[in-house]
Amino acid sequence: MRLSHYFLPTLKENPAEAQIASHRLMLRAGMVRQGAAGIYTWLPLGLRVLKKIEQIVREEQDRAGAIEVLMPTIQSADLWQESGRYEDYGKEMLRITDRHGRESLYGPTNEELITDIFRREVHSYKDLPKNLYHIQWKFRDEIRPRFGVMRGREFLMKDAYSFDLTAEDGVNSYNAMFVAYLRTFARLGLKAIPMRADTGPIGGDLSHEFLIIADTGESEVFFDKEFLTMEAPVDTPDSDAGLQKIVDTWTKPYAATEEMHDADKAAGAGELVSGRGIEVGHIFFFGDKYSKPMKASVQGPDGKPTNVQMGSYGIGVSRLVGGIIEASHDENGIIWPESVAPYKVGLMNLGAKSEDCTAACDTLYAELQAAGIEVLYDDTKDGAGAKFANMDLIGLPWQIALGPRGLKNGAVELKNRATGEKTEVATADIVKQLAA
RNA sequence: CGGGGAGUGGCGCAGCCUGGUAGCGCACCUGUUUUGGGAACAGGGGGUCGCAAGUUCGAAUCUUGUCUCCCCGACCA
């Protein structure tokens, strides 16, 4: 993409409304603009990151056997009255009345809707297990939205729902998601720690939150130092026992959020670290909490109807954009992990008024594209300093600087954004090196 | 919802106390000179000061109301 044809409104100064790093940097890097409190427009650069995260989440859900659907944002109040949550959910739920006076709502979550789909279509234990997910915008009318997209009112979330005949099978489905989450966060370049969690309004008795550690996290967390060196599973076991083993490994060391922290239990554990955490995923197994009131049952082998055992599994996709920045930035800007970077490399023409230099940059740009490398090409007439500063701000993993000086030597300067390391690379070799 | 703060060109701010021609930096436009870490000079465009009432000869400035945004707390992917 040529910057001269792109839409990247960066800011040199810090907007007054943004307090924390990710919010500030997302505004400055031209990723988002606020519409109302906790509601954002995603500009091109931010949208690319959002889509990349979404895709990684999707791939890992698919790998774990979940099947993608897409449920609507607007739901009828009927189903919520059936589950009893229409009253329970309170003011956080945005309620809407349509022209016919029908009570509706902008979905804050989808347990009711998916349970309704399931009960209408699935009637036999032979069709189990099933895990259906979607990636959709949600709305929760938070009392106080803050921290940009990390705590917005409108947010993009992946939510999966598992259906099993027995509680034992349900735990297997839960474990499969647990492992998928470890893999997902690792691919996003994050160190996420599973912590036993309170089940809140979703309900149930088995639940883990996945938190990434960052100074600006919303809750205080305590965890065994061991987590910092644990590696996410590379292969996904295809046996229930294999899954259980991984879950056991990851739930054995002590880890708890403030509200679940038990100083006595922690005392017997390993070397404890405390810090602040950002919740990026939350999984629940809640048995028949919804299937019972909503009569979602299948016929078992014995011919008797049985309420299905359910679990639900959320990942805050839009929150992750902010979360990744919190975990990966410096004083100059964002440092994207390569897996979610909006472009892999930024090409800067430092001699935009020289025909030779521009021709060399145009050629290199075409070659990079031909090699399938995602490149943002700063072909504007801005000064060199402004180009460097902008590239650092938007945080692409690699920067190529090509100006009159390099043109003379047949070399470009390649900079690694994360390490700051700069190397001279022969222009002829640069594409090959980046493609590797 | 309780407590605190703020609304003045696109962004960051000053002016308000003590009412009297709306200002600065950045950004933007034109020209000239520059050109490897946010260039220089000259010229220029853009704001009914969140909104509404009130006080006054006169309101960005004083009074009242209202809306919005931000921060702290309780709540949350």
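Letters go in sequence order (proteins before strands), and every chain restarts at 1.
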What's touching nucleotides 24-29 of chain B from the protein side, N or O pairs under 3.5 Å?
unit_1 : atom_1 : unit_2  : atom_2 : d
B:G25  : N2     : A:Glu13 : OE1    : 2.8

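For a distance-only test at 3.5 Å, the side chain of A:Arg144 fails to qualify as a donor-acceptor partner of the base of B:G3. Not a single donor-acceptor contact under 3.5 angstrom links the side-chain atoms of A:Lys381 to the base of B:U35.
A cation-pi geometry, defined here as NZ or CZ lying under 6.0 Å from the six-membered ring centre and within 45° of its normal, holds between A:Arg48 and A:Tyr343.
Contact annotation: A:Gln34 side-chain N/O to B:U68 OP1/OP2 distance is not under 4.0 Å. Contact between the side-chain N/O atoms of A:Arg151 and the OP1/OP2 oxygens of B:C76 is not found at any separation under 4.0 Å.
Salt-bridge check for A:Asp356 with A:Lys408: failed, with every basic side-chain N at 4.0 Å or more from each acidic carboxylate O.
Rounded to the nearest Å, the gap between the P atom of B:C29 and that of B:A22 is 27 Å.
Applying the salt bridge (Lys or Arg N to Asp or Glu O under 4.0 Å) test to pairs two or more places apart or on separate chains, none has a residue in residues 425-436 of chain A.
Of all non-hydrogen atoms in A:Gly189 and A:Ser339, the two that sit nearest each other are N-OG, 4.5 Å. Counting all heavy atoms, side chain and backbone alike, A:Leu396 lies closest to A:Pro342 at CD2-CG, 3.7 Å.
At a threshold of 4.0 angstrom between heavy atoms, the contacts of A:Glu142 include nucleobase atoms, whether or not backbone atoms are also involved.
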From CA spacing to verdict: ring pair (Phe, Tyr, Trp, His ring centres under 6.0 Å), A:Trp80, A:Tyr89:
CA-CA 9 Å; A:Trp80 287 72; A:Tyr89 221 94; 5.6 Å; yes

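Stacking between A:Phe155 and B:A77 is shown: the ring centroid lies under 5.5 Å from the centre of the six-membered base ring, and the planes differ by under 30°.
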